[in-house]
Amino acid sequence: MKSDGTLPKIAVHGLTGCAGELLVILENLGTVLPYVQVASFPFAQSKNDIKDVDIAFVEGSVSQEHDIEVLNKIRSHSKWLVAVGNCAVHGCVQSSTCAKFTPQEMVESVYGKDSAIKALEAKPLSSYVEVDVSLSGCPIDKNQFLAVLASLLKDHLPYIIERPVCLECKMRENGCVLIEKNLPCLGPVTAAGCGALCPSFDAACYGCFGPCKDPQLDAMTLILQEKGYNLSDVLVRLGTFGIPEAVLSNLDVRR
Amino acid sequence: MQTTGKVYAPVKVSDLSYSFKAVETHSDIAFEALRTILPPKKFFFPQEETIVMCDGDQISEVVEVPTPFVVFGVHPCDLAGLLALDKIFLSAPLDSHYQRRRRAAVIVGLSCLPDKHCFCRSMGTDTPNKGYDLFLTDLGEEFYVQIKSQAGLEVIQACSTFVQSVNNDDNDSYKDFWSERDKLFERTFDSSKLPNLMDMGWNDPVWDQLAERCLSCGNCTPVCPTCYCFDMVDVAMFNTQKMEAKRDRVWDSCQFSGFAAVAGGENFRPGPIDRLKFWYRHKLHGFDDAIEIPSCVGCGRCTVSCPAGIDDLPGVVLTLLQKTNMKDAVQ
Amino acid sequence: MSDDKDEVKKHTIEIPEITRVEGHSAVQIEIANGKVQNVMLDVFEGTRFFEKIVLGHNYEEIPHITSRVCAICSTGHVLAAAFAIEKIFGIECDELTTIFRRVMHLGMFIESHSTHIYALALPDFVGATDLLDFASRFKDEFSNWTQLRNLGTQIQSVIGGRPFHPVNLHVGGLSSIPGKDKLASLITQLEAARPLALDTCQLLMRFKPPIERTSEPVFMALIPVDGKYGYFGNKILSSHGFMADVSEYKQYLNEKAVWYSHAKRSSIEGASLFVGAMARLYLFNDILKGEASNIYTSSPLAKGDHNSIWNNLAQSIEIVQAIDECIELLRVLLERYQDAKAVNKSNLKMKPGAAVGAVECPRGTLYHFYELNNEGQIVAADMVTPSAQNTARIEMDIKETVEQFADYESADLQKSLETLVRAYDPCNTCATHMVSVSYT
Amino acid sequence: MIDFNATKCGASPFLPQKCMIRAITKLAQDNYLFEVQLDNKEMFANCKAGQFFQVYVPGSGEAPISISALSRKNCLEFCVRKIGRVTSALFQTKPGDWIGLRGPYGNGFPIERMEGKNIIMVAGGLGVAPLRSLWHSILDDRAKFGKIVLIYGMKHSQDLLFRNEFRQLIQRHDMEVFVAAEEINGPSIAALDFQIGRVTDLLNLAHFDQEYVAALCGPPVMYRFVVDELKKRGLHDQNIFLSLERHMKCGMGKCGHCSIGGHFACLEGPVFSLAQLNFMKEVVECHGPSL
Ligand SMILES: Cc1cc2nc3c(=O)[nH]c(=O)nc-3n(C[C@H](O)[C@H](O)[C@H](O)COP(=O)(O)OP(=O)(O)OC[C@H]3O[C@@H](n4cnc5c(N)ncnc54)[C@H](O)[C@@H]3O)c2cc1C
Ligand code: SF4
Ligand code: SF4
Ligand code: SF4
């Protein structure tokens, strides 16, 4: 509750994404409704007011002019701007390819030569505006989301840890699938938050939360190659869920 | 044992791995388990625990009084590991969260036969002499039981029908077991040389070779019986039940890049090599003079859990011993 | 807005952003001399080019990547991709794996349908301004949604690892078999939620459609593989009696282009393609079983009323069907639990080739096409989503609706249009192809 | 059955004491001075110059902050720079709000060993915060100490902290005070002789010899140069004291973050003599052989 007796206002917007975060937020609306007023949530309500809000959650990457317009408007009307989901934080799957094809090539390949569609290279929000909090995940973890919101309601920055998935994996006491099953697990270079979901299901982490802090990509590449994975598959796999090109380009094998 | 409380023992969880889990019957227990993924430290210093709660105007301690429980099948190295943790958490100021759980536990030790990764003998942690309530030596048909405490005695009394007093034969087979076991260690070295070794080998190229492969994944630390580093994580909450926030203690690892970073951008261990060397030194050099016990108990967990295969502690030690001309320490 | 350059009076209705559909879209309607000239459903969801994104990736990654087309149908995308790749390899999953997949898929239906009905469409029907208004005024209904949706997410979490973007479904099968106790608890939850599903049908049956339907669409859906009402299949059937293998999707979707694709001028004979719950019920109601069948028989659908608004009712019937089938399938799984096997990667024989995988998603038929090289990497890909197939029909419906109104400025018209579009729930996030139909 | 709860466990050492913020003063951009009331007499009595507290902002977290002064009326002063999560949250508090304190932790400066000696204090940037508590202790008992030199350097002149206090210190005749900034901009400060340059330049102006005891606090780069200079002047390693900053989560030798080799900076430090540090492998590695 604010000093004037009103509830803090939040907004939830989606740019170019799969609506995953919108869905997570929608499904947890019951928990947060007593503490906030939802000023804008086009996915869930008809009357949407983009005017000054305390916290704006934005899903999706910026992939077209319209996204930029909306994003700038949201930024100028919100105190805290939270990028939610891998798309908004790292650019997710759609940004991974832009390194290989130009947007126009993609438009042509999908919609034909004389398509009127204009596309931009998919980029995370931070490429266009200042982002206060970045909460990655594909989709975001609901507990992390609730903690971020609760922190911001106190005007505190939340503590989001970007340690590797391996820590959570060991904390859950999983047998390591990289060691025991020779699976191409990206846990060592991927940010935790999911609770080491894939390895808990005997599968290899494919990096959906984006890179952990300071990922050791050279060592990861080396070890996967030793396990028999070919270099091109390994590099493609590392880049799938939005490891930024700047980080990837530090790879020895790429240089 | 179940009269004492819940029983935890090694259980098979994957093709190659075991884990201490709650068991109901004798048949749940994997007696063959050599090392569990996580050591028994998780019962006393859990992966995640809430330490402090805070509402609008009060801060309070979270007091969890555990009911008595039994940890069954703790091998000598893990007993030594717990003693090392005791030195940290039970030294002043005493960590009450740890202490409460430690008090509630009855520890039943169990003998084991080493594999190629075990080197507890070199670290001097292969003989159980304290840290347990009961210790069982597997003599094939029967167990040779050593009782160390009142709590242990009470467990034995509760199942007196299965217990006989020890005779001379038993004593002999007990001795035989341990001397036979001693022969099984594949790699041994003289651990008294370790502090010197780490100092002399500090700039050895072996570190560069290892660090090139290090993933900084931190797998080596949660599995270690003596690693105790943690982070304090504040989680804000909605004001339900007037609870505004909690402080959680969560396992951390010195292998993560921000571990030693301070405000102003200085990071005292920025690269994997710095962190890896720090870790090796910490394990092999011990807690320096602060606490006079080794901080590696030779369980081999880090060796088997490192995806990069670079935590072969005895291997690295032997290599360094050769290089630094301390060959005489290789036994 | 009016445009005076033309002799004739032109009138344009714009609905800037249709909220509460799973994606973003706007409708633009041009009217001249009382006749609707153009209907443009403009999807301004940024395009993501999945056909291009997947190129160069190893087949193992494909289900995880395509899952990101759409959170709501992620299980459908994962399965369509897995089906296509398995076809290339010439393998078929064992029976129990297929049952696990079915249960997972039904979980998605329960979640997606209930979310669509309660959170996106129902607020319109009961006259709530939005979901929040709905939540506070219709507490029981809101809680129905929470419970049904939780049921769907629970099923998907137990089998797939999380409510969407599953981690346990792979080419070849599951990476790990869910615990027996968890499967058993799903049965209990399903049984508990069943009455709510029945209530939902009754609730929807009572609403009167705000707009009348004038022309009949062409319904199309996959023919269930095993003769029981279901969502996996390799052949399609249309209400015109057209039948084809899904591998020919390119031809038949194009062949019928007149009534499917460019809806701009006129729909030939007033018929356009309609996929989704209503289509499935129309085509396969005879193989519905139990309570679902009873409800269908008593519904307006059985009487031949194909007003698009009834799509929501059709969805509610499918929820009942899904719950009953899930219970049955889970019982089989429990009985034969020890036979269930996780996928063993080393047994997967990779082969180059191309194939089409298809699956019925909540909104209709989903097609995935892939071509693999010798390395198991994708060299060509194509996806056709249900929403893309429905777009023409939506535009057509809009046209008919507008023509029923005399006053184009009326607020009622705008509201009716939004309601109508929402009934289809065009999931624009997955509209990888949709943009092509929205320009004049 | 054994009664496992027979002996009660003590209170958690992680439990902060609730303390009221009495006053907040802005010292410079992003640098505030917090005056906090510590009613726990025992805790207060234990406080020593150079020690630190774990300051807890409810809902945000804890940060180790040095005692910058022990003011009368059971109050502690903390000089804080807004740098991240917890410090930003602290900057949002108002007088009258409460925060949590745990401590005091660490060894503090070895005042006993400085008695009767000449003292040189070198502060870089925010390092002035803990040193301030040291000069307060010394000046409170001025007669017990010999000559005093205080050197304070910073990047920009507008970062100057404790401006009024320095104005007074400079006027004292019983100590030498030097202040320097690498860049001087903004209004000059009356009666304050700002030098342009680094602390090392000031060392050349100061009069001191090998008989001095040195106390240093500042960023790691500063240590490298200052220590070199001090050693050139012949100061003994046992007489050079440095307050080291390390990442700390508990302050009581348990969380492992502040570990330097096998030592806990929070227990054995944060103040170490150069003689001690010479035998701490890791410090040597980080700061070069001169340290
Ligand atoms: C003994 C000691 C005394 C200190 N005295 C003061 C003082 O008097 N005034 C003052 O303003 N600051 C002091 N600091 C520094 C202060 O503790 C950090 O600035 C503070 O912890 C940053 O917390 P944060 O949450 O605001 O930053 P974060 O958002 O957590 O991080 C910002 C930066 O601070 C580093 N950091 C985070 N936590 C710590 C930590 N616990 N210890 C050290 N660095 C950390 C991070 O690695 C990062 O580089 C002292 C530190 C120590 C160790
Ligand atoms: S399975 Fe993956 S996440 Fe888990 S420990 Fe191994 S490499 Fe790390
Ligand atoms: S293990 Fe990796 S891929 Fe799987 S959910 Fe977690 S971050 Fe995503
Ligand atoms: S040593 Fe091995 S286990 Fe430890 S961080 Fe490096 S790669 Fe991971």
Side-chain angles (χ1 to χ4, degrees), chain B residues 3-4 51-52 54 56-63 65-68 88-89 91 93-97 99-100 103-104 150-151 154 198-199 202 227-234 236 244-245 247 249 252 254 258-264 266 268-269 274 278 281-282 285-290, chain D residues 1-18 54 56-63 81 83-87 98 100 125-126 219-221 244-250 252-264 267-268 279-286:
Chain B
T3 54
T4 311
I51 296 251
V52 172
C54 168
D57 11 73
Q58 281 309 321
I59 330 174
S60 50
E61 176 188 353
V62 176
V63 184
V65 183
T67 47
I88 294 292
F89 289 114
S91 64
L94 206 121
D95 187 309
S96 51
H97 309 272
Q99 188 193 24
R100 268 185 223 109
R103 282 225 183 110
Q150 182 65 24
E154 284 176 36
M198 284 309 291
D199 289 344
W202 191 252
C227 274
Y228 53 85
C229 291
F230 59 83
D231 190 6
M232 296 294 281
V233 177
D234 286 82
E244 280 202 343
R247 307 208 75 208
R249 158 152 82 184
D252 201 350
C254 59
F259 187 83
V262 296
E266 188 83 15
F268 295 102
R269 290 185 284 274
D274 311 308
F278 169 82
R281 186 180 183 284
H282 184 56
H285 209 294
F287 295 78
D288 264 307
D289 303 322
Chain D
M1 271 298 299
I2 318 144
D3 184 2
F4 282 92
N5 302 317
T7 15
K8 276 189 71 181
C9 293
S12 170
F14 287 95
L15 190 65
Q17 291 270 322
K18 257 179 81 170
Q54 286 286 349
Y56 173 59
V57 185
S60 178
E62 284 182 343
R81 174 169 296 169
I83 189 129
R85 224 167 32 80
V86 178
T87 45
W98 64 268
L126 192 60
V221 270
L244 298 189
E245 185 181 349
R246 283 294 184 276
H247 201 110
M248 291 176 187
K249 289 289 181 185
C250 71
M252 47 201 177
K254 308 209 187 294
C255 80
H257 280 264
C258 70
S259 170
I260 308 177
H263 303 269
F264 291 112
L267 291 181
E268 296 164 61
F279 293 94
M280 290 164 60
K281 192 108 216 156
E282 262 218 312
V283 179
V284 181
E285 284 293 304
C286 289

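Chain identifiers are assigned alphabetically (A, B, ...) following the order of the sequence lines, protein sequences preceding nucleic acid strands; residue numbering begins at 1 within each chain.
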d(B:Ser91 OG, D:Leu267 CG) to nearest 0.5 Å is 7.5 Å

Measure the CE-CG distance between D:Met252 and B:Leu94 for me, rounded to the nearest 0.5 Å.
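Going from CE on D:Met252 over to CG on B:Leu94, the span is 10.5 Å.
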
Do D:His257 side-chain atoms and B:Phe259 backbone N/O form a donor-acceptor pair below 3.5 Å?
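Present.
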
Has D:Lys249 got a side-chain atom pairing as donor or acceptor with B:Val233's backbone, closer than 3.5 angstrom?
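Pair absent, no side-chain N/O of D:Lys249 close to backbone of B:Val233.
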
Nearest atoms (heavy-atom pairs only) where D:Pro13 meets B:Pro93
CB-CB, 4.0 Å

Closest-packed option against chain B by number of heavy-atom pairs under 4.5 Å, given D:Pro58, D:Gly125, D:Gly256
D:Gly256

Heavy-atom pairs under 4.5 Å with chain B, option from D:Gly84, D:Ala63, D:Pro16 with the top count:
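It is D:Pro16.
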
Is the B:Phe230 ring parallel, tilted or perpendicular to the D:Phe14 ring (thresholds 30°, 60°)?
perpendicular

Mind checking what makes side chain to side chain donor-acceptor pair (under 3.5 Å) contact with D:Arg81, not counting sequence neighbours?
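For D:Arg81 the side chain to side chain donor-acceptor pair (under 3.5 Å) partners, ignoring immediate neighbours, are D:Asn31.
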
Across all chains, not counting sequence neighbours, the side chain to side chain donor-acceptor pair (under 3.5 Å) partners of D:Gln54 are none

Less than 4.5 Å to any heavy atom of chain B: does that hold for the side chain of D:Pro219, its backbone, both, or neither?
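Neither; nothing under 4.5 Å.
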
For D:Cys258, is it the side chain, the backbone, both, or neither that has a heavy atom closer than 4.5 Å to a heavy atom of chain B?
neither

Quick check for you: among [options], which has the greatest number of heavy-atom pairs under 4.5 Å with chain D?
options	result
B:Ala261, B:Ala260, B:Ala236	B:Ala261
B:Cys229, B:Ser60, B:Cys227	B:Cys229
B:Val63, B:Val62, B:Asp234, B:Asp252	B:Asp234

Can you check whether [X] reaches [Y] side chain to side chain, under 4.5 Å on heavy atoms?
X	Y	value
D:Glu245	B:Glu266	no
D:Cys255	B:Arg249	no
B:Met232	D:Cys250	no
B:Phe268	D:Ile260	no

Residue B:Ile59 versus chain D: region with a heavy atom under 4.5 Å
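For B:Ile59, the contact with chain D is made by backbone and side chain together.
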
